[in-house]
Structure formats: structure tokens, C-alpha cells
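Letters go in sequence order (proteins before strands), and every chain restarts at 1. Being a predicted model, the structure only gives us computed values, none of them experimental.
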Amino acid sequence: MGGQITITLPDSSTVAAERGESIHAILGKIGAGLQKAALAADVNGVPVDLGHAVENDASLKAITFESPLGKEIFWHSASHLMAQAVRRLYPDAKFAIGPSIEGGFYYDIDMGSALVPEDLAKIEKMMETIVAEDLEVRREEIKRADAIKMFSDAGEIYKVEMLNEMTDDVVSIYRQGEFFDLCRGPHVARTSRLRAVKLLSLAGAYWRGDEKRKMLQRIYGIAFPDKKQLDQHLAFIEEAKNRDHRKLGRELEIFSFSNAVGAGLPLWHPNGAVLRYILETFSTEEHLKRGYKLFGVPHIAKADLYRTSGHLDFYTENMYSPIRIDDQDYYLKPMNCPSQIQIFKSSIKSYRDLPFRGFEMGTVYRYERSGVLHGLTRVRGFTQDDAHIFCSEEQLEDEIKNVLDFTLYMLGVFGFTERNIYLSTRPEKSVGSDRNWDLATSALKNALESNKIAYTIDPGEGVFYGPKIDIKIKDAIGREWQCSTIQVDFNLPERFDVNYIGSDGQKHRPIMIHRALMGSMERFIGILIEHYGGKFPVWLAPVQVVLINVSDAEAGAAEELRLRLLGLGFRPEADRRDESMGYRVRDAIARKVPYIAVIGKKEVADGTVSVRRLGENKSVPMKNEELVDTIRADVENRR
RNA sequence: GCCCACGUAGCUCAGUCGGUAGAGCAUUUGCAUGGUAAGCAAAAGGUCACCAGUUCAAUUCUGGUCGUGGGCUCCA
């Protein structure tokens with residue numbers, strides 16, 4: 001039954017098509033370029049294959065690699081391609097799931113024998129062969145019962161398990177050559193579209209993410225429509241590798257770990273310790289400016305404190321074994337709040353004392369499973385820029401607004417102006433009344449909205465005692481990191497029976513806000529190292545300027561200037577080593593020191609230095625005073 | 001914690017199919033007094049992560065422990 005149908009394009013223009021014509025053919029009528037670029041299409045809001053036949057009037061939008069959905073389809077097709085290659089090389093392999101992810105795709109595979117990294121090259125080669133075979137990728141719809149038979153005949157136990165859990169009568173299968181896989185689709189039309197593929201790594205992953213179930217082998221990969229894009233992506237991976245804080249941390253002598261001290265327990269070397277000092281001082285001063293009071297609490301506290309707070313019930317798996325002192329159990333503190341609450345409670349508080357904001361660079365110790373430790377970003381002992389605000393219900397929203405402003409200001413100082421904000425709502429396992437949850441959630445929501453901050457709701461991701469706002473920042477090369485968190489808590493004031501006297505002379509329960517802006521100093525510094533690629537701005541640089549004398553004759557002048565700068569509170573170094581100038585310049589550059597100031601005969605005579613900025617390969621003469629002013633201006637402007 | 005890989009000098013890495021090890025850089029010491037990304041030379045530096053087992057002999061083989069990396073789960 002022939003006839004014409006009308007296809008509406010995103011710009012509202014229309015194209016006439018034959019009933020039952022394929023998307024591919026219809027796109028050809030619109031333009032050869034679009035036909036070539038399209039991977040799939042969106043028909044009436046549903047993504048479909050290019051081979052899909054359009055039977056009725058419809059809206060149509062081509063999906064290309066440029067869109068997130070296009071990438072998803074492309075990478076998902078690449079994961080099928082990889083599975084086909086694995087199947088050819090290892091006929092006994094059983095496939096679990098193989099989705100696309102943010103930066104590529106993976107497939108979880110149950111293999112008889114373990115793969116080694118060298119096998120990836122073999123698989124890659126086979127993938128290239130299949131791409132060259134230019135196989136057609138075809139969709140088939142079959143009865144679920146038939147699919148179960150088909151996959152169980154093939155020994156695909158994981159697919160059978162998935163099929164058994166589905167409720168649809170009909171499922172879709174994609175075939176390319178001899179290979180077939182259970183898949184919703186859509187997929188690219190031919191294997192030749194997957195021109196540039198690369199397998200990146202190998203890892204273990206539990207079937208269904210459940211650690212009680214079988215560990216499968218996961219192969220990660222990436223694919224692009226052309227080689228150039230792949231090369232760009234590989235260059236990005238390389239760049240990220242060069243910025244790795246674990247590598248830079250060692251090279252720049254910022255921190256290290258020692259087997260003798262313990263896993264996940266960072267040691268701060270002078271360069272890192274001074275960096276921490278600068279950040280902590282900066283943060284503390286900013287808090288004081290905003291009316292926070294300083295708190296300070298010990299690293300251990302009695303078991304009863306954590307029994308009252310609920311940590312021994314809700315947080316034990318993160319706490320270390322108790323320390324026995326005089327027949328009493330003490331715990332290393334996993335959080336600062338219970339101890340800090342004791343400070344608030346030490347005297348009767350009036351409503352006039354609220355909001356009461358207590359701040360502390362508080363060190364906490366949390367047990368992390370050995371496999372999750374990662375440089376500075378995941379450690380077992382860390383210090384937070386932690387504060388707890390005690391306020392009344394009426395003050396809650398304003399306080400949250402203040403905290404939001406404060407957070408965005410702090411992050412902005414480091415150039416973290418791009419960020420994603422998430423509002424996490426009540427989880428299944430939680431405490432507290434519906435009223436309190438609603439109150440807290442809407443306070444967070446209103447604060448975000450009245451500050452005109454865009455956010456995403458993360459349903460059910462709140463903490464057990466209250467909802468929270470998480471802020472994820474984007475670093476210089478676009479990677480996301482989570483640092484800041486703002487949490488509303490009705491629970492702890494209740495558990496500790498915290499109260500204040502209201503204007504009515506009655507006791508009232510304050511609400512607590514837990515918040516950390518930079519989060520863990522360890523993690524934040526790790527992120528900063530990667531964000532700046534080790535090239536810290538002058539105000540943060542552990543060494544701000546290296547003074548290099550040309551010959552021994554100028555050693556005294558270099559030392560004199562160093563002492564002058566040191567006395568002014570800067571961080572200078574004089575490299576008077578018996579090495580060639582070129583060598584010392586190179587060394588200062590390798591250490592990523594922002595300024596190199598050379599002092600020779602001429603400079604001593606003029607009272608100048610020859611200054612070279614990191615990243616430039618020419619130097620400019622400057623009066624000594626000018627160097628001082630330059631560094632001072634950098635520090636004052638935090639650049 | 002689990003899966004896989006790995007652990008040789010401060011760092012980056014060779015090497016030993018079982019007979020106790022080497023390079024470059026860094027360090028120290030000489031010489032060279034150098035004008036903006038490595039001057040020349042010499043010396044020193046290792047219980048081959050740790051503990052057991054097999055063996056005439058283990059850094060090498062086996063097992064365990066600790067640690068590291070990539071993931072899973074969890075998270076600041």
C-alpha cells in the first residue's frame with residue numbers, strides 16, 4: 001500500500017516521502033551531508049535505526065555523533081563490535097552487559113581464562129578487521145521466549161538471566177555477520193562507520209555490581225567516526241596523565257605516602273605543607289570575615305558520644321576499632337559534628353546567639369576499603385574546612401543562601417566557575433519526620449532558586465539525616481570533581497537535645513547545617529594540582545621566585561634580595577649552587593616556579609633583576625622594587 | 001574487601017631461562033665562573049617490598065603479608 005507521507009523536520013519544514021521509506025532514504029532527500037553524518041534518527045521522539053521504515057506522517061531529526069545521544073549510539077555499537085571480535089577470538093566467552101558510558105564504552109565478559117593487556121591489541125585488530133568487512137547491522141524483533149531459547153542454545157547465561165527478568169513479549173536482537181546480541185538499539189547501520197576504535201583498559205567488575213556475584217572482566221574502549229578525533233581524545237588522556245596529582249605530587253615534592261606510615265595516610269612535604277598552610281589560612285580568614293567562630297576539638301572521643309550521635313549505628317563500617325583508655329572505649333573521630341555540638345551545648349544559648357556558626361579545620365579518620373584509596377583524592381585521614389551552623393527554622397533559608405554565596409566565591413577564587421549543582425532528596429533509609437524533610441528540602445530549593453542557581457535533583461541521594469546540596473566543579477580540562485556539600489540536619493540536635501531559649505522564654509530546637517566548601521583539604525589540593533597542572537598561581541606557589549646569580553660575584557646580591565623578600569612574607573629561593581646558569585634555570589622551570597630572576601654584573605650595578613615568567617622564554621629587566629611589587633600584586637589579587 | 005596487573009638505587013627503567021645486579025637523572029666531591037631548558041669528571045648509592053617454603057644455592061620458583069595501579073562497591 002503505497003502513498004505519500006509528510007515528514008516534519010526540526011526547523012518545521014516538511015519533506016514528502018513514500019510510505020514505508022527508510023530513514024536513510026528520506027535523509028538523502030534532505031541532503032547528502034546529513035545522510036552521511038547521521039548515525040540514527042529521532043522519529044516522533046523515539047530513537048530508531050537508519051533502516052527503520054516510516055509508515056506514517058512523522059517528525060524526524062537526524063542523530064549525529066555531535067550530540068550526546070549520537071555518541072551513546074556510536075559507542076554502544078562499538079561495544080557490540082568489540083564483543084564480536086572477542087567472540088571470534090574466544091569462542092567460549094559469555095557476554096553480560098556492554099553499554100556506552102560517558103567517555104566511551106565497556107563490555108563485561110565472563111571468560112574462561114584471564115585476559116592480559118596484550119590481548120587488547122589482538123582484540124583491537126580483530127575489530128578493525130570487522131570494520132573493514134563492512135557488515136550490515138540489522139535489527140530483528142522476536143518473541144522473548146524465542147530469544148531465551150536462542151541465547152540459552154548459545155550458552156549466554158547472562159543474557160538469559162536478563163531476558164527472564166524482562167516483561168515485554170517481544171525483544172529486539174541486533175545482528176552483524178555471525179554475531180548477534182540482545183539490544184534495545186538503535187545502532188549504526190554498518191560496522192564500517194566505527195572507523196577509529198581503541199581499547200583502553202581492563203578491569204574486574206561484578207555481575208550486576210553485586211560483590212557477592214561473579215567477577216567478570218570488563219574491557220573499556222573508545223571510538224570515533226574518524227582517526228583525528230580519536231587522536232585528539234588520546235591526547236586528552238595523555239594530558240590528564242601528565243596532570244595526575246600523584247605524579248606531580250612526587251615530582252614537585254608536595255606529598256608522598258610511606259609504607260612505613262600506612263596506606264591512605266599522606267605525608268606533607270615542605271612544598272605541600274606550605275600550600276596547605278596558605279589554603280587553610282585563606283579559608284579561616286574568609287570564615288572569620290563572615291562571622292564564623294573558631295572551634296577546635298580533639299581527634300578522639302568516647303564511644304558514648306558516637307552512640308548518641310548515631311554514628312555507631314549508621315557509620316560503623318567507616319570507623320576504626322576503639323582505643324581502650326582506662327576501661328573506656330574511645331574512637332578516632334569520623335566526623336567533627338558530635339564534638340563541636342558539645343561546644344554549642346556548653347552554655348545556655350539565646351535566640352540572640354543564632355545563627356551560631358562554628359568553623360574548624362577538622363581532621364577526621366575514616367576507614368576506606370583498601371581498593372578505593374587513590375592518591376590524595378581518597379585517603380583514610382583528612383582535614384575538612386568544616387562548619388556547623390545552628391539556626392532557627394526562620395533563619396534556615398537565609399543561612400543556606402549565605403553558604404551558597406560563600407561556596408561559589410571560594411570556588412571562583414581558584415577559577416572553578418563552571419559547576420554542576422545537585423539537590424539530593426530523602427533516601428529510603430532515613431530518619432526524621434516528613435515535615436522536617438519537606439521544610440529542609442524546600443529551604444535548599446528556595447535558596448538555590450532565589451540565588452538563580454541552576455540545579456539538578458538527585459532523588460533519594462540525601463544523607464540519612466537530611467537533604468543536601470552537592471557542588472561539582474569542572475577543572476581546567478573539563479573533568480568533574482565533587483568538593484562542596486551543604487547538608488541540613490534535624491537529627492543531631494534532637495539526639496543531643498540541643499536547644500536555645502527563644503524570645504518566648506521557651507526552649508526551642510535549632511537546626512544544624514553541616515557544610516564543607518573545599519571539602520577535604522587533601523582532595524582539594526589533589527584537584528588543584530591537576531587543575532593547574534602543577535603550575536600554581538603566585539599566591540599559592542610553594543616557591544614564588546628563584547633568584548639565580550650569574551657568577552659567584554653576585555651570590556651576595558642574590559642572598560640579600562632573598563632575605564628581603566622573605567622578610568616581606570614571600571617565598572623566595574636563591575639557587576647559588578655551583579651549577580651552570582642554564583642548568584639552574586632549567587631546574588626552576590621544571591619545578592614550575594612562577595618567576596625566575598637572574599642577577600648578573602649588570603643587574604647588581606643597576607639594582608635590577610632579569611625576570612622570566614614561567615611559560616615565557618624571554619626575560620625582562622626590572623628594578624628590585626618592581627619585582628617585589630609584582631609579586632605583592634599577584635598575591636593580593638590571588639593570581 | 002573483590003578481580004587483574006605490578007613492586008629492582010631517591011626518580012624513570014634495563015637485567016638475571018635459579019649461581020646475591022646495571023643505565024640515565026638526582027646526590028656527594030673535584031675541575032670549570034658560567035647571561036636564561038642539562039659544562040666536564042670521579043665517587044657513593046641496592047637484604048632486588050617483607051615473611052615463609054622448595055633447593056646445594058632464591059632477587060628470580062611457590063605460598064602468604066604489605067603496598068601501588070586499573071576497575072567494581074562506597075564516598076570528602
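- The neighbour count for A:E317 CD, taken as heavy atoms of other residues, nucleotides or ligands under 6.0 Å away, is above 12.
- Using a 4.0 Å heavy-atom cutoff across all strands shown, A:N318 reaches no nucleic acid atom at all.
- Considering only side-chain atoms of A:Y206, the nucleotide from B:C72, B:U27, B:U36 that sits closest is B:C72.
- Across B:C4 and B:U8, the matching C1' atoms stand 22 Å from one another, rounded to whole Å.
- Ring centers of A:H388 and A:F295: at least 6.0 Å apart, outside the cut-off.
- B:G71 has no base stacking with the ring of A:Y220 when judged by centroids under 5.5 angstrom apart and an interplanar angle below 30°.
- Nucleic acid contact for A:K618: none, since no nucleic acid atom lies under 4.0 Å from a heavy atom of the residue.
- A ring-centre distance under 6.0 Å is found for A:H514 and A:Y465.
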Margin query: In dot-bracket form, 5' to 3', how is RNA chain B paired? Count Watson-Crick and G-U wobble pairs only if both distances fall under 3.5 Å, and write | where the partner sits on another strand.
Written below: (((((((..((((.....[..)))).(((((.......))))).....(((((..]....))))))))))))....
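- Other residues, nucleotides and ligands contribute at most 12 non-hydrogen atoms within 6.0 Å of the OH atom of A:Y277.
- Side-chain contact check for A:K94 versus A:Y158: some heavy-atom pair is nearer than 4.5 Å.
- Counting atom types as modelled, A:R369 pairs a side-chain N or O with a base atom of B:U73 as donor and acceptor under 3.5 Å.
- The number of heavy-atom neighbours closer than 6.0 Å to NZ of A:K198, taken from other residues, nucleotides and ligands shown, is 12 or below.
- With hydrogens and angles ignored, no donor-acceptor pair closer than 3.5 Å exists between the side chain of A:E251 and the base of B:A26.
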